[in-house]
Amino acid sequence: MRERSKSAPTTPGEMPKAYEPGAIEPRWAQEWVAKRLSTPPAEPAQPIFSLAIPPPNVTGSLHMGHMLEHTQIDALMRWRRMQGFRTLWLPGTDHAGIATQLVVERMLAEQGIDRKQIGREEFERRVWEWKAHSGDTIKKQMIRLGASCDWTRERFTLEPALYRAVIEAFVRLYQEGLIYRGRYMVNWCPRCGTALSDLEVEHQERDARLYFIRYLLADGSGHLTIATTRPETLLGDTAVAVHPADERYRQFVGKTLRLPLLGREIPVIADAYVDPEFGTGAVKVTPAHDPNDFAVGERHHLPKINIFDEAARTNANAGPYADLDRFEARKRVVADLEKQGLLERIEPYRHAVGLCHRCKTPVEPRVSLQWFCKMQPLAEPAIEAVERGWIRIVPENNARIYLHWMRNIHDWCISRQLWWGHRIPVWHCALCGEMTVARVYPAAPGLPPPDPPPTTCSHCGVPRVAQDPDVLDTWFSSALWPFSTLGWPDDTPDLRTFYPTTLMVNGFDILFFWDARMIMFGLHFLPREKPEERIPFRTLYIHQIVRDAERQKMSKTRGNVIDPLEVTEKYGTDAVRFTLAVMSAPGTDIALSEDRMRSARAFANKIWNAARLLDLNFARLPEADRARLAAPASRAAAPYPLNGGLTLADRWLFSRLHRVTAEVNLALEEFRFHEASHSLYHFFWHEFCDWYLEWIKPAFGEDKASPSRDAAWMNVLAAFETALRLLHPIMPFLTEELWQRTFAAGENVASLALAKFPQANPARFDDSAEREMALLQEAITLIRNIRADMKIDARHRIEAALGSPEQPVLELFRAHREEIIRLAHLSRLDLQEGHLALAGGVLRTVARFDARVPLSDTDREAERLRLRKEKEKLEAELARLHTRLGDAEFRAKAPAHVVRAIERRQAEYNTQYQKVVALLGSLEASR
RNA sequence: GGGCGCUUAGCUCAGCGGUUAGAGCGCUCCCCUCACACGGGAGAGGUCGUAGGUUCAAAUCCUACAGCGCCCACCA
């Protein structure tokens, strides 16, 4: 049934010494795609786990932020898929209107080409060219990362089907009266030549100046001084405003001022918007170039004088200052004011400047004709969906941020004066000025035919209509993504099966841009009875922000991106994935460091070599034994008992394995990738490799067939294979390679990616095995400790003695004498009942036993100092515990188990303390 | 102006009410022991930003302060 990989090494005993990701990872990446492992199977009955990718912008290639996002999504996808969910990770890309247009414009600029020279059609053709290139790069990167997407369902926001969804959404909202067109003040980017939404304006604190300018009264009876940060806009002033209750200026209200430089007469008006505390308490009013002044102008019916063109250069209204850049105009205006003695003073002033989110040009508020989407009616259900828990937001404090924003939402400017995007499907009549709406989109097979573009006005019938030149904000199409990609507006099987999607994963930076709007549009457009079935996703998980070494945010426009392919090639995909996962603690940022990647690479290598150790020994077994021991049936039987009972090491290992399994499952449930990774790292390296493999080496090294050899092999292979499964969601390549090599034969799945994810069995938790193993480890460590402190050559075997007054402890040591001898590198081990005497050696003592190494030339002084220190520490600790236990309130109020634990500890410390005192005594006596 | 977050070992960060506070890297000492020097073994290193408070008990909860960062916002 399954098809064994031809490329995987098949001969045991031939593994390279080090893990070579470059030779292994690309092979599996290709094979997973070729075999379509990530296309959800057809059976409809299974539980669904679906996610629509946050479509990367086709502005270039993927950066580390994407890699973090994709690593987390992929880990969850693989985990759920292995758990038997019918998973769909739907991939795709975003046309990213303004961002992509900017990239192509910059590219053309390098060739000295302006987009206006080549025209709209040719420009769009060039952008499509670029899109093909960028989209291809992105897909390759994702495949290389191992992203388990269903590539048969790949989407792009500007492809015909999604174009159609956008047009459908627009037309419906328009017909419902939720989309309107009007002349309002909007944020305008003079470089991009387009309107922006409020969200696309980035505020940045900057040092600026506050100019105090005199406006003379027309009757020559005096002057008013105003303060402004933008003196050049006085060219468009149509009033000066003061607060109605401001005594200082009461006499001025209603009088006429002469506008400096231009001499135009303007009134002094009273408006409560003015803050008497700021500046001089008098404000120049420029209704065409400031949002507040715009509102004042509306209230007072002031004329709006526009002094700038689309590129924020002064126009004819600026009189002698016409045809200047806005900053040049400022210089000239200030210089002339100074010359005329109208500039009182300049103060340094720090304030926020609005910048274009994409190109960082200072935004110019501008009155223009734009399209808007009414938000309040859409926001109400979106608030309810989160308040009532239909959508869970993780980490949950993001829900508060979301709700706060939603409750204060403003209408959304959705039109952009760009060429790259979905054209607004509205035709304007040259004669009557009315609008004609039509469902026009690119025709394609499988789609209903679009409306023909209107040729006559639907109102007056005159054949002089032209399509609105604007395109839609790129986030308009993004807002439809979770359902447009599944076939909406048609009621497709995919939409019925996978919507609402189970999960959305993205960064905080697009919570408002995207998540909020998906929720609003999903709730609005899905033709389903219950609102909880209309939501676009059931859980929204907000991931960390990846920063560079200087803790700067990584972003395409900032240009400080680390190419994921570069580090992937250097350290291996799995190592980078593990690094990202292990640093993914919720609510924190990730300052990516190469140190961590190196350590993750070492981890991969460690696992590789654990496999190699098994492989080398396994290779010596007869082939029939190998087939039998590695067979799925053998692993299913593990842990395999020997002579009716498991060895301590196996009880311990499987106890730990099941606990780690529980930890990993729980951590992934809660998006705690760092906990899952830590558990796996610690288990694999420090428990499985450092202790377990060392412990059992002699057993599985046996050549001769025996029940003990078989038991050892079955157990170690089963544990190792389970651990590979556990690690697969985070390190898919390494685990797949190792699994295919040893375990795939006889399995009915083609890949580890389709194998079953382990489930913890609490019956395997074995406290006594863990306690006993801890005692043995403590004994071995204690002897190694003496060796290291006494500078005993690591190659030299020595004698040692262990003594304990407790029979069970001695029994344990006796039963594992061989392991202690081997792991502490001894030539001989004596076991004695009771405490050990110093007897001319070095004696170390812990609560339940003593260890002694006979030595003639020990450094007694150093040993004495060490003991002194230990004694002091114990005294301090005992004093603390004594006070604690002497506190009646503590005994009365603390839970019984806490009191008992402290009493136990006190008893242990006491024993220890007495032994240390005695030891110190004998050391000093023999001095 | 609001809102949110951070301050724990030299560095980067976990832990967020109950044993002697952890990890990775770095550092010190020993070892190329037949899986791995991307390794093994053993260590050193922290009064958990400051000051109060709550509690039997506080890195962990509360308050204030200091420093750092982010988001939102129409005071020119």
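Side chains are part of it too, since the values below use all heavy atoms of this structure and drop only hydrogens, waters and symmetry mates. Each chain gets a letter, A, B and so on, in the order the sequences are listed, and its residues count up from 1.
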Return the nearest nucleotide to the side chain of [X]; candidates are [options].
X       : options                : answer
R596(A) : A73(B), G15(B), U12(B) : U12(B)
N785(A) : U12(B), G5(B), G43(B)  : G43(B)
D789(A) : G15(B), U20(B), A42(B) : A42(B)
Y681(A) : G15(B), G24(B), A76(B) : G24(B)
A585(A) : G18(B), A14(B), C72(B) : A14(B)

What does [X] touch in the nucleic acid at a heavy-atom separation under 4.0 angstrom: a base, only the sugar-phosphate, or nothing?
X       : result
Y349(A) : sugar-phosphate
R884(A) : base
A352(A) : base
P365(A) : nothing
R905(A) : base
R672(A) : sugar-phosphate
A901(A) : nothing

Below 4.0 Å: OP1/OP2 of [N] and any side-chain N or O of [X]:
X       : N      : result
T781(A) : A42(B) : yes
R787(A) : A42(B) : no
H289(A) : A76(B) : no

Does the distance from a Lys or Arg side-chain N to an Asp or Glu carboxylate O, for [X] and [Y], drop under 4.0 Å?
X       : Y       : value
R230(A) : E364(A) : yes
E298(A) : K304(A) : yes
E877(A) : R880(A) : yes

Using a distance-only test with no angle check, is there a side-chain donor-acceptor pair under 3.5 angstrom linking S197(A) and E200(A)?
yes
For G281(A) and for K893(A), locate the closest nucleotide of RNA chain B by heavy-atom distance; then report the residue assigned to the nucleotide nearer the 5' terminus.
K893(A)
Residue met sooner reading RNA chain B from 5', once E675(A) and W405(A) are mapped to nucleotides
E675(A)
Does R601(A) make a cation-pi contact with Y571(A) (under 6.0 Å, within 45 degrees of the axis)?
no
What is the distance from [atom1] of [X] to [atom2] of [N], rounded to the nearest Å?
X       : N      : atom1 : atom2 : answer
E347(A) : A76(B) : CD    : C1'   : 13 Å
R880(A) : G18(B) : CZ    : P     : 14 Å
L885(A) : C56(B) : CG    : P     : 17 Å
E663(A) : G15(B) : CD    : C1'   : 14 Å
N408(A) : G3(B)  : CG    : C1'   : 11 Å
N398(A) : G3(B)  : CG    : C1'   : 13 Å
L403(A) : G2(B)  : CG    : P     : 21 Å

Nucleic acid footprint by protein, nucleotides 27-40 of chain B - heavy-atom cut-off 4.0 Å, B for base, S for sugar-phosphate alone
---SSS--BB-BSS
Partner set under ring pair (Phe, Tyr, Trp, His ring centres under 6.0 Å) for H351(A), not counting sequence neighbours
Y349(A)
T573(A) vs P21(A) side-chain heavy atoms within contact, under 4.5 Å
no
Atom CZ in F508(A), atom CD1 in I542(A): separation rounded to 0.5 Å?
7.5 Å
